[in-house]
Number of protein chains: 2
Amino acid sequence: MTAEPDGAVEEVGSVLVALADPTRRQLLDLLAAHGAATATTLAGQLPVSRQAIVKHLAVLDSAGLVVGNRVGREVRYSLRPAGLDATTRWMSSLAADWDRRLAAIKHAAEAAERDFS
Amino acid sequence: MTAEPDGAVEEVGSVLVALADPTRRQLLDLLAAHGAATATTLAGQLPVSRQAIVKHLAVLDSAGLVVGNRVGREVRYSLRPAGLDATTRWMSSLAADWDRRLAAIKHAAEAAERDFS
DNA sequence: ATTGAGTGCAACCCGATTGTTGCACGTCCG
DNA sequence: CGGACGTGCAACAATCGGGTTGCACTCAAT
């Protein structure tokens, strides 16, 4: 009814929440640069503890932006662009929706003064 | 250095923060549907107080997603798709960046074992 | 001028996030 | 085997965000 197909909204929401944090975005950048890395290694590149990194990676994982593969005693995290792609599509369709409605409203703006009951 | 032109990052960040909240997204949907509305009117459509709406609108405003025009004694808020557009573009370029780097890494994965010092 | 609707500001509450530290558990290597 | 490295879990402190309530102020209309 709004602009979203009702089912994918929560997924998009979690991606947006994940991207809202600067440290998390930085983490994604590091992964994009190195391809794959462990939490410990990543903690060396950022001014926070390893545990903080682990938590951020968990958020990114449940948002579908990252995956962790266990290799021996370490866990190697890598990027997963699918979730980002979906959110990008959602956003641009939302933008298109706004444009459409704004055009319609602007056109009929002088006709009706009140919209609510 | 990362993937962003260094200046627009903060702006994009604020848009992402703004979009991360479900109530705020709902608010944007209402504005898209009605074209313009006051905080008091919007509070009638959502299960939160007017003050909460005012705060959300402030966040959306400083993210560039919404503008408030004073008409007499009331403030009419309306949509401003420009910020959303910019963020959409940023996200898709980020996705493209990831894809590019992931391809490069996957291609050279067998050659180098360690990336860090 | 007085009343009422609409807004702005401030204090306050509470739950979620972000971050820390400490320690226990696997796992590789000398 | 036994130490060293990496991870996982748990408790904890502190800050942030969303939400509420109460009150003062502005503007319009009678």
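Quick caveat, the model's predicted, so the values are computed rather than measured.
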### Query
What does nucleotides 12-21 of chain C look like as a protein-contact string, B for base, S for sugar-phosphate only, - for none, at under 4.0 angstrom between heavy atoms?
------SBBB

Show me the donor-acceptor pairs within less than 3.5 Å that the side chains of residues 48-61 of chain A make with the rest of the protein, sequence neighbours left out.
| from | atom 1 | to | atom 2 | distance (Å) |
| --- | --- | --- | --- | --- |
| A:Ser49 | OG | A:Ala52 | N | 3.3 |
| A:His56 | ND1 | A:Arg24 | NH1 | 3.2 |

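To the nearest angstrom, P of D:dG19 lies 10 Å from CG of B:Leu27. Note: CZ (B:Arg70) to C1' (C:dA5) measures 13 Å, nearest angstrom. The separation between B:Glu74 atom CD and D:dC27 atom P is 13 Å, rounded to whole Å. B:Arg76 has its CZ atom 14 Å from the C1' atom of C:dT7, to the nearest Å. Atom pair B:Gln26:CD and D:dG19:P shows a separation of 10 Å (rounding to whole Å applied). At whole-Å resolution of the value, CG in B:Leu60 and P in D:dG18 are 10 Å apart.
The nearest pair of heavy atoms linking A:Val15 to A:Gly83 is CG2-O, 4.2 Å. Heavy-atom minimum distance, A:Ala37 versus A:Leu31: N-CD2, 3.9 Å. B:Glu11 approaches B:Ser14 most closely through the heavy-atom pair O-OG, 2.7 Å. Considering every non-hydrogen atom in both A:Gly68 and A:Tyr77, the closest pair reads CA-CD2, 3.7 Å.
Residue A:Leu30 is grouped with residue A:Leu28 when hydrophobic side chains (ILVMFWY) are merged at heavy-atom distances under 4.5 angstrom, including chains of intermediate members. B:Val17 and A:Trp90 are assigned to two separate hydrophobic clusters, defined by single-linkage of ILVMFWY side chains at heavy-atom distances under 4.5 Å.
Residues A:Asp97 and A:Arg101 are paired through a salt bridge, judged by an N-O separation under 4.0 Å between the basic side chain and the carboxylate.
Stretches of at least 3 consecutive Watson-Crick or G-U wobble pairs, with each checked distance under 3.5 Å, appear in DNA chain C as C:1-30 with D:1-30.
Among the nucleotides C:dT27, C:dT7, D:dA28, the one closest to the side chain of B:Arg73 is D:dA28.
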